[in-house]
Amino acid sequence: MKNKNFYITTPIYYVNGDPHLGHVYTTTAADVVARFKRLAGYNVHFLTGTDEHGQKVAQSAEKAGIDPQEFCDQVAQKFRDVLSPFQISNDDFIRTTEDRHKKTCMALWKKLEDAGDIYLDKYAGWYAVRDEAYYGEDELEDGPDADTKIATATGAECKWVEEESYFFRLSDYTDKLLKFYDDNPDFIGPKSSANEIKAFVAQGLTDLSISRTTFDWGVPVPGNDKHVMYVWIDALTNYISALGWENGESNLMDQFWPADVHVVGKEITRFHAIYWPAFLMSANLPLPKKVYANGWWVVEGEKMSKSLGNVITPETLLENYGSDGSRYALMAEMPFGNDGNFVHESAVNRINGDLANGLGNLAQRSLSMIAKNCESVVPHKGEFSSDDKTLLEKAYALPEVTETHVNAMQIHKYLEAVWSVVGDANAYIDAQAPWKLKKENPDRMQTVLYVLAEVIRCVSIMAQPILPTGADKILDQLALDKSSRTFAHLNENHALQSGMTLPVPQGVFPRLELNTEQAA
RNA sequence: GGGCGGGUAGCUCAGCUGGUUAGAGCAGAGCGCUCAUAACGCUUUGGUCGGGGGUUCAAGUCCCUCUCCGCCUACCA
């Protein structure tokens, strides 16, 4: 038996802002994959969490007049509260202010230090507090006085700062990283991100500042209380602190490290694809198998922003589309990895077309015919025609076909494959016309309805990762045992048993009304 | 400035190493059906493949150039 463990992570979300469409999107994508892999027989560990350190958080807390920890507790709770309404099946939720995480960070720091990759030096440059970033001369404009400059890109005020800082010898890893990318062509996805990262590394890397002395809301640097760790060495480490690496809290490293995939937003790809592998190499730990960047949504053609007031909140999604609808719309509306445009009208069309008219109506029409004409039991099956076999074989082939797509993070292709069978099944009903067979050939009608029920079973099992609520309801209507709903049951050996009593069918995915007022 | 993507039917996108009449879904139109959530099926309208030049027997598919859009260039998914 090969290793059937699977570790997937989302980024940890920065608590300086509230959860929105983007967070839901990334987390849902990871959830779909996690659920898929569980059904495919993997022992899955799915991690999400919050990134809680840094100057901005400290300042926000101060502004709110509360202790930073209390501030973090409040915002982290908001992120946590989003999970269950969207059916996110995470196994753990890591917070960077937890002790287990701090322990791991300090242990990792020491490893890097022991490896000779950390040294103390000075960092000098124009620093913007607001952006928590240094800017080069070419990125600045003159400010109101000689001591102040303005960052062209963000408009933030920058001051000249000289700061003692620890550095990581990232420059030593340029060649090692390039070789690693060559040896592992699928490490970074999608392709565009991979190209971008490789080109960036090929230019040559400079050493990385990894500590700060200007604020103290962070993990202390071992042996030097003046310093706290800077964001990336702190944040990235969460992926192993949650597994208990060197912190004594749990022991999941052997099982789950290296991670199978880190799902990230495209703006943080480089940290995951450059710094993180370099840190791990330095600590002599295995590298994750894949870093996959998802794109960004614009909303109705415009960038989502607070000033435009078009930020889509998790609450808005739930009110408009419900949990299954939101999940489906987000995953089906754009190819994973691309940028996309979230348009209320097309989300409604998508949900109505694929869920209500497609899968939902397929189940409803089939199951009510069974209820009315087969005494509410799974129909008899006679000899299968070639049409029957074609449809069933396509359904049975789904686990294999879709797993390739999911492994490549092509979630939209997985959905297309499943819904292609839904379409075939609807065409099959019309072609077979069981309502005619009812009078002409009742036996054949039974077989046709049996085939339909069986295909609905398959399609619903396949749809569980994307539609946890609705797919379950359909499977309940097929009286399928909860323990018989994995991909291993997707074959004729586990086909529906004729004669099983079925409950009264009910609609599962209601049609949505297009309410344009809800667009914003 | 440098880098990476992308501009293909009204919309969202497929089109691998160049090769018959450029595809899908949605939207539109027509027909059919009546089991079903005014749902389903079938057929169909629609594209000078961003502009220009080149290579080739043959180019959305390769090369050059121009143009437009997005993103990255040290922390908004």
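Within every chain, numbering begins at 1; the chains are lettered A, B, ... in the order of the sequence lines, protein sequences first and strands thereafter.
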Query raised in the report: Which part of the nucleic acid does A/V263 contact within heavy-atom distance under 4.0 Å: base, sugar-phosphate only, or nothing?
Result: nothing
**Report entry** Rounded interatomic separation in angstrom, taking CD from A/E513 and C1' from B/A38
**Finding:** 11 Å
Requested in this report: For A/K438, enumerate each residue passing the side chain to side chain donor-acceptor pair (under 3.5 Å) test, keeping only those at least two apart in sequence or located in another chain.
Outcome: A/N373
**Report entry** Nucleotide of B/C35, B/A77, B/G3 approaching A/I429 most closely (side-chain heavy atoms)
**Finding:** B/C35
Query raised in the report: For A/D354, does its backbone N or O pair with a side-chain atom of A/W419 as donor and acceptor, under 3.5 Å?
Result: yes
**Report entry** N or O in side chain of A/R350 less than 4.0 angstrom from B/C26 OP1/OP2
**Finding:** no
Requested in this report: Sticking with atom P, work out how far B/C57 lies from B/G10, rounded to a whole angstrom.
Outcome: 35 Å
Report summary line: Of A/N357 and A/G360, the one whose closest nucleotide on RNA chain B sits nearer the 5' end is A/G360
Query raised in the report: Is the shortest heavy-atom distance from the side chain of A/T402 to the side chain of A/M462 under 4.5 Å?
Result: yes
Query - Nearest-Å distance once atom P is located in both B/C42 and B/C4 - result: 45 Å
Query raised in the report: Whole Å only: how far is the CZ atom of A/F200 from the P atom of B/G1?
Result: 19 Å
Requested in this report: With heavy atoms under 4.0 Å as the rule, sort A/A427 into base, sugar-phosphate or nothing.
Outcome: sugar-phosphate
Query raised in the report: Which part of the nucleic acid, if any, lies within contact of A/K191, taking any heavy atom under 4.0 Å across all strands shown: a base, the sugar-phosphate backbone alone, or nothing?
Result: nothing
Requested in this report: Considering only atom C1', compute the distance from B/A59 to B/U17 and round it to an integer number of Å.
Outcome: 14 Å
**Report entry** Any side-chain heavy-atom pair of A/W297 and A/I312 under 4.5 Å
**Finding:** no
**Report entry** Residue A/K436, side-chain atoms from C-beta onward, closest of B/C72, B/U34, B/A77
**Finding:** B/U34
Query raised in the report: Taking the same atom, P, in B/U56 and in B/C13, what whole-Å distance lies between them?
Result: 36 Å
Query raised in the report: If you find the nucleotide of RNA chain B closest to A/S193 and the one closest to A/P11, which residue's nucleotide is nearer the 5' end?
Result: A/S193
Query raised in the report: Is there a donor and acceptor pair closer than 3.5 Å between the side chain of A/N338 and the base of B/G6?
Result: no
Query raised in the report: Is the distance from OP1 or OP2 of B/G3 to the nearest side-chain N or O of A/N195 less than 4.0 Å?
Result: no
Query raised in the report: Syn or anti for B/G25, taking syn as within 90° of 0?
Result: anti
Query raised in the report: Under 4.0 angstrom, heavy atoms only, what part of the nucleic acid is A/W297 near: base, sugar-phosphate, or nothing?
Result: base
Query raised in the report: Under 3.5 Å, is there an N or O donor on one side and an acceptor on the other linking the side chain of A/T206 and the base of B/A74?
Result: yes
Report task. Sticking with atom P, work out how far B/U44 lies from B/A24, rounded to a whole angstrom. Result -> 10 Å
Query raised in the report: Counting side-chain heavy atoms from CB outward, which of B/A36, B/G32, B/A77 is closest to A/Q364?
Result: B/A36
Report summary line: Taken to the nearest whole Å, CD/A/Q203 to P/B/G1 is 16 Å
Report task. Assign A/G295 to base, sugar-phosphate, or nothing according to its heavy-atom contacts below 4.0 angstrom with the strands shown. Result -> base
Query raised in the report: How many Å lie between CG on A/L367 and P on B/C35, as a whole number?
Result: 16 Å
Query raised in the report: Using Watson-Crick pairs (N1 to N3, plus N6-O4 or O6-N4) and G-U wobble pairs, both distances under 3.5 Å, which stems of at least 3 pairs involve RNA chain B?
Result: B:1-7 with B:67-73, B:10-13 with B:23-26, B:28-32 with B:40-44, B:50-54 with B:62-66
Query raised in the report: Any donor and acceptor pair, going by atom type alone, linking the side chain of A/S420 with main-chain N or O of A/E416 inside 3.5 Å?
Result: no
Query - Presence of salt bridge, A/K381 and A/D388, under 4.0 angstrom - result: no
Requested in this report: Take atom CG of A/N426 and atom C1' of B/C33, then tell me their distance rounded to the nearest Å.
Outcome: 13 Å
Report task. Provide, to the nearest angstrom, the distance between the CD atom belonging to A/E267 and the P atom belonging to B/G70. Result -> 18 Å
Query - Atom pair distance, as rounded to whole Å: CG in A/N349 and P in B/G28 - result: 9 Å
Query raised in the report: Does OP1 or OP2 of B/A36 have a side-chain N or O of A/K372 closer than 4.0 Å?
Result: yes
Query - Any side-chain heavy-atom pair of A/W217 and A/T97 under 4.5 Å - result: yes
Requested in this report: Measure from the side chain of A/H20, starting at C-beta and using heavy atoms only, and say which of B/G5, B/C35, B/C76 lies closest.
Outcome: B/C76
Query - Options B/C76, B/G3, B/U37, nucleotide nearest the side-chain atoms of A/E196 - result: B/G3
Query raised in the report: What does A/T28 touch in the nucleic acid at a heavy-atom separation under 4.0 angstrom: a base, only the sugar-phosphate, or nothing?
Result: nothing
Requested in this report: Can you figure out which of B/C35, B/C72, B/A74 approaches the side chain of A/R270 most closely?
Outcome: B/C72
Query raised in the report: So what does A/Y13 touch, heavy atoms closer than 4.0 Å: a base, only the sugar-phosphate, or nothing?
Result: sugar-phosphate
Query raised in the report: Within the distance-only criterion (no hydrogens, no angle test), does the side chain of A/D31 pair as donor or acceptor with the backbone N or O of A/S89 below 3.5 angstrom?
Result: yes
Without placing hydrogens or testing angles, list every side-chain donor-acceptor pair under 3.5 Å for residues 267-278 of chain A, not counting sequence neighbours.
unit_1: A/E267; atom_1: OE1; unit_2: A/W296; atom_2: NE1; d: 3.0
unit_1: A/T269; atom_1: OG1; unit_2: A/K266; atom_2: O; d: 2.8
unit_1: A/H272; atom_1: ND1; unit_2: A/I268; atom_2: O; d: 3.0
unit_1: A/H272; atom_1: NE2; unit_2: A/Y239; atom_2: OH; d: 2.6
unit_1: A/W276; atom_1: NE1; unit_2: A/H262; atom_2: NE2; d: 3.2

Query - Minimum-distance nucleotide (side-chain atoms of A/D430 versus B/A74, B/C40, B/A36) - result: B/C40
Query raised in the report: Could you give the CG-to-C1' distance, from A/N361 to B/G41, as a whole number of Å?
Result: 12 Å
Query raised in the report: Can we say A/R95 and A/E52 salt-bridge, meaning some charged N sits less than 4.0 Å from an Asp/Glu carboxylate O?
Result: yes
**Report entry** Gap in Å between the two C1' atoms, one belonging to B/G60 and one to B/C49, rounded
**Finding:** 5 Å
Query raised in the report: Touch check for A/G22, heavy atoms < 4.0 angstrom, all strands: base, sugar-phosphate only, or nothing?
Result: base
Query raised in the report: Nearest heavy-atom pair of A/V57 and A/C72: which atoms, and what distance?
Result: CG1-SG, 3.6 Å
Query raised in the report: When you compare B/C68 with B/A22, how far apart are their C1' atoms, in angstrom units rounded to a whole number?
Result: 24 Å
Query raised in the report: Expressed as a whole number of Å, how far does the C1' atom of B/A74 sit from that of B/G3?
Result: 15 Å
